[in-house]
Amino acid sequence: MVALRKELEIPLWGGSNNSNYCSWVGVQCNSNLSMVEKLDLSHREIQGNATLISELKALKWLDLSYNNFQGPIPPAFGNLTELQFLDLSLNNFGSSIPPELGKLKNLRSLNLSNNDLVSKIPDELQNLEKLQGLQISGNKLNGSIPSWIGNFTNLRVFAAYENELSGKIPNNLGSVSNLQLLNLHSNQLEGPIPESIFSSGKLEVLVLTMNKLIGNLPVSVGNCKGLSNLRIGNNRLIGSIPSSIGNISSLTYFEADYNHLSGEVVREFARCSNLTLLNLASNGFTGTIPSELGELTNLQELILSGNSLIGDIPKSLLRCKNLSKLDLSNNRFNGTIPKELCSTPRLQFLLLSQNSLRGEIPHEIGNCVKLLELQMGNNYLTGNIPPEIGQIKNLQIALNLSFNHLHGSLPSELGKLDKLVSLDISNNQLSGNIPSTLKGMLSLIEVNFSNNLLTGQVPIFGPFQKSPNSSFSGNKGLCGDPLGISCASSFGSDRIYHHRVSYKIILAVIGSGLAVFITVTVVVLLFMMREKQEKAAKAEGTPEEKTADPALIIAGNVFVENLKQAIDFDAVVKATLKESNKLNCGTFSSTYKAVMPSGLILSVKRLNSIDRTVINHQNKMIRELERLGKLCHDHLMRPVGFVIYEDVALLLHNYLPNGTLAQRLHDSTTKAEFDPDWPTRLSIAIGVAEGLAFLHNVAIVHLDISTGNILLDSNFKPLLGEIEISKLLDPSRGTASISAVAGSFGYIPPEYAYTMQVTAPGNVYSYGVVLLEILTTRLPVDESFGEGLDLVKWVHTAPARGDTPEQILDARLSTVSFAWRKQMLAVLKVALLCTDTTPAKRPKMKKVVELLQEVK
C-alpha cells in the first residue's frame with residue numbers, strides 16, 4: 001500500500017507517517033486487519049499506473065472512478081479473482097476492454113463508462129455469470145451487442161449508450177434475466193425492439209433513443225407494470241401505440257418523438273396517472289387530442305408538435321394544473337384559442353404556431369404570467385394584439401405572432417416585456433407607429449416588424465438600430481436608419497401628401513406651443529409641491545421609507561466582520577425600492593446599487609420566485625447563505641450578507657463598478673470605455689474556469705453560467721456571480737421553474753431538453769459558450785448566424801461552410817500578433833471540446849483550467 005501511494009502520487013494518503021493502511025481513507029480490511037478487501041479512490045483526480053493494485057489479492061471492491069487514469073485498463077486486474085465490484089468509469093482509459101476481465105468469476109458489477117475504449121465487447125466477458133450490472137456507456141465501442149448478454153440470469157442493469165454499436169438488439173435480451181434498466185441510446189442499432197425485453201415484466205427504465213430501430217412498439221410493453229421511463233424517440237418506428245400502454249400505471253416519462261408512428265393518440269394514456277412527460281412530436285398521428293388526457297393531473301409537458309392532429313384545443317387539458325409546456329405546433333388544429341387557457345397556473349411554454357387556429361387572441365392571455373415563450377405564428381388569427389400580453393413579465397425566449405391576420409396598432413404595453421429576447425410580429429396588417437415605449441424591452445436581440453402597414457420612424461433604440469433592413473421591410477410608411485430611408489426625405493418626396501398634411505403641421509406647431517406652456521406650468525407646480533413634500537418628509541418619512549420599516553425586517557446578517565458597522569439594513573431595503581437604483585435584471589434576480597450612510601457602496605440582489613423559500617425554508621436558506629459566505633476563492637462573487645423582510649430576500653455583495661463581461665463584450669457604450677484586449681480576455685477566461693472548477697470540487701453545480709453573470713472588479717479580475725442560486729432555488733420544492741433553472745437563453749446545453757437536469761458537464765457546455773463569446777465577440781444567439789444556428793452551431797459548422805478559423809475569431813485581436821493568434825486558436829480548441837454535443841466527451845473543469853494555463 002505504501003508503494004501504491006508512491007506510484008499513484010497520492011499526497012499524504014493516510015498521513016505522512018501512518019503505516020496502518022487499514023485506517024487510511026477509502027481502505028477497508030478484513031477482520032484480521034491485514035488484507036485489503038475494499039479500495040475506494042474515486043474523485044481523487046489521480047493518475048499513473050494502476051497495475052500495482054492487482055497485487056491486492058483479497059480485494060472485493062475496487063472504485064477508481066472520476067480520476068485521470070490513461071492508457072489501457074491493466075490486464076492484471078483479471079487476477080483479482082475475489083473482486084465483486086469494479087468501477088473504472090469517468091477516466092481516460094483507452095484501447096480495448098481487456099479480455100482478462102472475463103476471469104473475474106465473482107464479479108457482480110462492472111462499470112467502464114465514460115472512457116475512451118474502442119473495439120468490440122470481448123466474448124470473454126460471457127464468463128461473468130454472476131453479473132448484475134454492466135455499464136459501458138460513453139465510449140467508442142463498435143460491433144454488435146453479443147447475444148450472450150441475454151444469458152446473464154442475474155442481469156438487472158445494462159447500459160451501453162453513446163457508443164458506436166450496430167446490428168440488432170439480441171432477441172433473447174431480458175428473456176431469462178430480471179432486467180430492470182436497459183439504456184442503449186445514441187448508437188447505430190437496427191432492427192425491431194425485441195419483445196423479450198418485456199417478457200419478465202420487471203423492466204423499469206427503457207431508453208433506446210437515437211438509433212435506427214424499425215417496426216412497432218410491442219404490445220407486450222404493457223406487461224411491465226413498473227416501467228417508469230420509456231424513451232424510443234429518434235428512430236424509424238412505425239404503427240400505432242398499443243393500447244396496452246394504459247396498463248403501465250407507474251409510467252412517468254414517455255417519449256416517442258421523431259419516428260413514423262401513426263394512428264390516433266391513444267386515450268389509454270389517461271390511465272397512466274403518474275405521467276409527467278408525453279412527447280409524440282414529429283410523427284404521423286391523426287385525429288383529435290383525447291379529452292381524457294385532462295385526467296393526467298401530474299402532467300408537466302405535453303408535446304404533440306409535427307403531426308396531423310385536427311379539431312379544437314381540448315378545454316379538458318386545462319385541468320392539468322401542473323402543465324408547464326404545451327406544444328401543439330405544426331399540426332392542423334382549426335378551432336379557437338380557449339379563453340380559459342391560462343387557468344393552468346404553471347404554464348411556461350405555449351407553442352401553437354403553424355396551425356389553422358382562428359378567431360382572436362383572448363385578452364385572458366395576460367393571465368399566463370409565468371410564460372417564458374409564446375409562439376402563435378402561422379395561423380389565421382384576427383383582431384388586435386391584446387395589450388394584456390404586456391402583463392407576462394417573465395416572457396423571455398420569444399413572442400411570435402407572425403403570419404396571421406392581426407390588425408390595429410401595436411400596444412404600448414409590449415414595452416413592459418423587459419426580459420424578452422425575440423419579438424416577431426411580421427406578416428400581419430398592423431398599422432400605426434412603432435411605440436417609443438418599446439425601448440423598455442431591454443433584453444431584445446431579434447426583432448421582425450416586416451410586411452405590415454406600419455408608419456413613422458423606427459425607434460432610435462439599440463435592438464432596432466442593429467437589426468437588418470429585412471426586419472422592417474414591407475412597411476411603406478416606415479423610415480429610419482435600419483431602412484436607409486431618411487424620414488425627412490420620405491415625406492418630402494411625395495408632394496401631394498405634403499400638401500394634404502400641411503394644415504396638420506400648422507396645427508401641430510400651435511399645439512406644441514400650447515403643450516410647452518402647459519408643461520412648464522405643470523413642472524413649476526410640481527416643484528412647489530415636491531418642496532412641500534420634502535419638508536413634510538423630514539418629519540414623517542417618505543412612503544418608500546415607511547415601507548422599509550425596521551420592524552418588518554425578519555432576519556439579516558453580515559458575514560464580513562469589518563463591514564458590520566458599515567452596513568445599514570434599512571438603507572439596503574430602501575435602495576431596492578427605487579427603480580433609479582436598478583442595475584440589471586436577470587433570470588433569477590434583480591440587482592440594485594445601494595449607498596450606505598457610511599459611504600460604502602453595495603450591490604444588492606433581490607431574488608425572484610423566492611417567496612415560498614422564505615416562508616417555508618427560511619432557516620435552511622440562512623444556513624446556506626452563511627456557508628456560502630465562507631467560501632473562499634478569488635474568482636467567486638460570494639455574499640457579504642443578507643436581509644429578509646416580509647417575503648423578500650436580499651443578498652448583499654461588494655459593488656463592482658466595471659459591470660459584467662457581457663457589457664464589456666457586447667454593449668457599445670461600455671466597450672467604448674474599455675474593450676478588453678486578448679491577454680485580458682484570456683486571464684478572464686482562466687479566472688472563471690478556476691472559480692467554476694472550485695465549485696464543482698465542493699459539489700456545487702451552477703445554474704446560470706453566462707457572460708452576464710461574470711462580474712469584473714476594478715482590475716478586471718473576473719468573479720462568477722449567482723453562486724447562491726444553486727442552493728436557494730430548489731425546483732423540487734417549487735421555488736423556481738425547472739425551465740428557468742436551466743440557465744440563460746443561448747447557454748443551455750442540448751441534453752437539457754432530454755434530461756431536464758442541470759449537471760457539471762452542462763456547466764462545462766455553458767462555459768464553452770462563454771469562451772466562444774470571448775474569442776468571437778459575438779452574441780450566443782444572433783440572426784446573422786442563419787436559420788436554426790446559434791453561436792455554438794455556427795462555430796462547429798464552420799469547416800462545412802469552408803470558413804477558416806480567422807473568419808470566426810475577432811479579427812481585431814487575432815491579427816495583432818502571431819502570438820495572440822496562436823493562443824486564440826488553442827483556446828478555440830478548448831471551446832470546441834467544452835461544447836461537444838455528448839456530455840461525457842466534455843472535459844472536467846479542472847482539466848479545462850490546465851489546458852488554458854498551458855495556452856497562457
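- Proximity of a side-chain donor or acceptor of Asn91 to a complementary backbone N or O of Asn115 within less than 3.5 Å is not detected.
- In this structure, CG in Asp810 is found 6.0 Å from CE in Met824, a value given to the nearest 0.5 Å.
- Taken to the nearest 0.5 Å, the CG atom of Leu4 stands 7.0 Å off from the CG atom of Leu41.
- Residues His635 and Leu720 fail the side-chain proximity criterion, which asks for heavy atoms closer than 4.5 Å.
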Decide side chain to side chain contact (heavy atoms under 4.5 Å, CB included) for Lys38 and Val27; before the verdict, give the C-alpha distance in whole Å, the side-chain angles of both, and the deciding distance to 0.1 Å. CA-CA 6 Å; Lys38 181 176 181 179; Val27 178; over 6 Å; no
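- The backbone N or O of Ser42 sits less than 3.5 Å from a side-chain atom of Asp40, completing a donor-acceptor pair.
- A cation-pi contact links Arg231 to Tyr253, judged by a cut-off of 6.0 Å to the six-membered ring centre and 45° from its axis.
- Heavy atoms of other residues, nucleotides or ligands lying less than 6.0 angstrom from NZ of Lys847 number 12 at most.
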Determine, step by step, whether Phe77 and Leu64 satisfy the side chain to side chain contact (heavy atoms under 4.5 Å, CB included) criterion, reporting the C-alpha distance in whole Å, the side-chain angles of both residues, the deciding distance to 0.1 Å, and the verdict. CA-CA 12 Å; Phe77 281 178; Leu64 301 180; 4.2 Å; yes
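- Rounded to the nearest 0.5 angstrom, Leu39 CG and Ile53 CD1 are separated by 5.5 Å.
- Here the closest non-hydrogen pair linking Asn178 and Ser200 is CA-OG, 4.4 Å.
- Looking at Ser228, its side chain does come within 3.5 Å of a backbone N or O of Glu204 through a donor-acceptor pair.
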Applying side chain to side chain contact (heavy atoms under 4.5 Å, CB included), run through Val36 and Leu59 and close with a yes or a no. CA-CA 6 Å; Val36 177; Leu59 205 60; 3.8 Å; yes
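- Between the side chains of Lys105 and Asn127, no donor N or O sits under 3.5 Å from an acceptor N or O.
- One finds the CD1 atom of Ile748 at 9.5 Å from the OH atom of Tyr765 (value rounded to the nearest 0.5 Å).
- Residues Ile686 and Val855 are not in side-chain contact: their nearest non-hydrogen atoms beyond the backbone lie 4.5 Å or more apart.
- Checked by atom type and distance alone, the side chain of Asn211 pairs as donor or acceptor with a backbone atom of Thr209 at under 3.5 Å.
- Checked by atom type and distance alone, the side chain of Asn68 never pairs as donor or acceptor with a backbone atom of Gln47 at under 3.5 Å.
- With a 6.0 Å radius and a threshold of 12 heavy atoms from other residues, nucleotides or ligands, Gln853 has its CD atom above the threshold.
- In terms of heavy atoms, Leu181 sits closest to Leu203 at N-CD1, 4.2 Å.
- The backbone N or O of Ser34 sits less than 3.5 Å from a side-chain atom of Tyr21, completing a donor-acceptor pair.
- Side-chain atoms of Asn163 come within 3.5 Å of backbone N or O of Ile136 as a donor-acceptor pair.
- Panel note: side chain Asn172, backbone Ser147; a donor-acceptor pair is recorded below 3.5 Å.
- Counting only N and O atoms by type, the side chains of Lys856 and Ser683 include a donor and acceptor under 3.5 Å apart.
- Here Leu692 contributes atom CG and Ile705 contributes atom CD1; the two are 4.5 Å apart, rounded to the nearest 0.5 Å.
- Side-chain contact of Tyr161 with Ser113: a donor-acceptor pair under 3.5 Å is absent, judged by distance alone.
- The backbone N or O of Ser65 sits less than 3.5 Å from a side-chain atom of Asn67, completing a donor-acceptor pair.
- Put simply, the side chain of Asp257 reaches to within 4.5 Å of the side chain of Asn234, judged on heavy atoms.
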For a side chain to side chain contact (heavy atoms under 4.5 Å, CB included) check, start with the C-alpha distance between Leu813 and Arg681, then their side-chain angles and the critical distance, and finish with the verdict. CA-CA 10 Å; Leu813 303 177; Arg681 294 192 191 198; 3.5 Å; yes
Determine, step by step, whether Asn79 and Lys57 satisfy the side-chain hydrogen bond (donor to acceptor under 3.5 Å, both in side chains) criterion, reporting the C-alpha distance in whole Å, the side-chain angles of both residues, the deciding distance to 0.1 Å, and the verdict. CA-CA 8 Å; Asn79 299 327; Lys57 302 299 184 183; 5.6 Å; no
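- Side chains of Thr838 and Glu162: a donor-acceptor N/O pair is absent below 3.5 angstrom, by distance only.
- Using a distance-only test at 3.5 Å, with no hydrogens or angles considered, a donor-acceptor pair links the side chain of Thr759 to the main chain of Gly762.
- Residue Met845 holds its CE atom at 7.0 Å from NE2 of His696, rounded to the nearest 0.5 Å.
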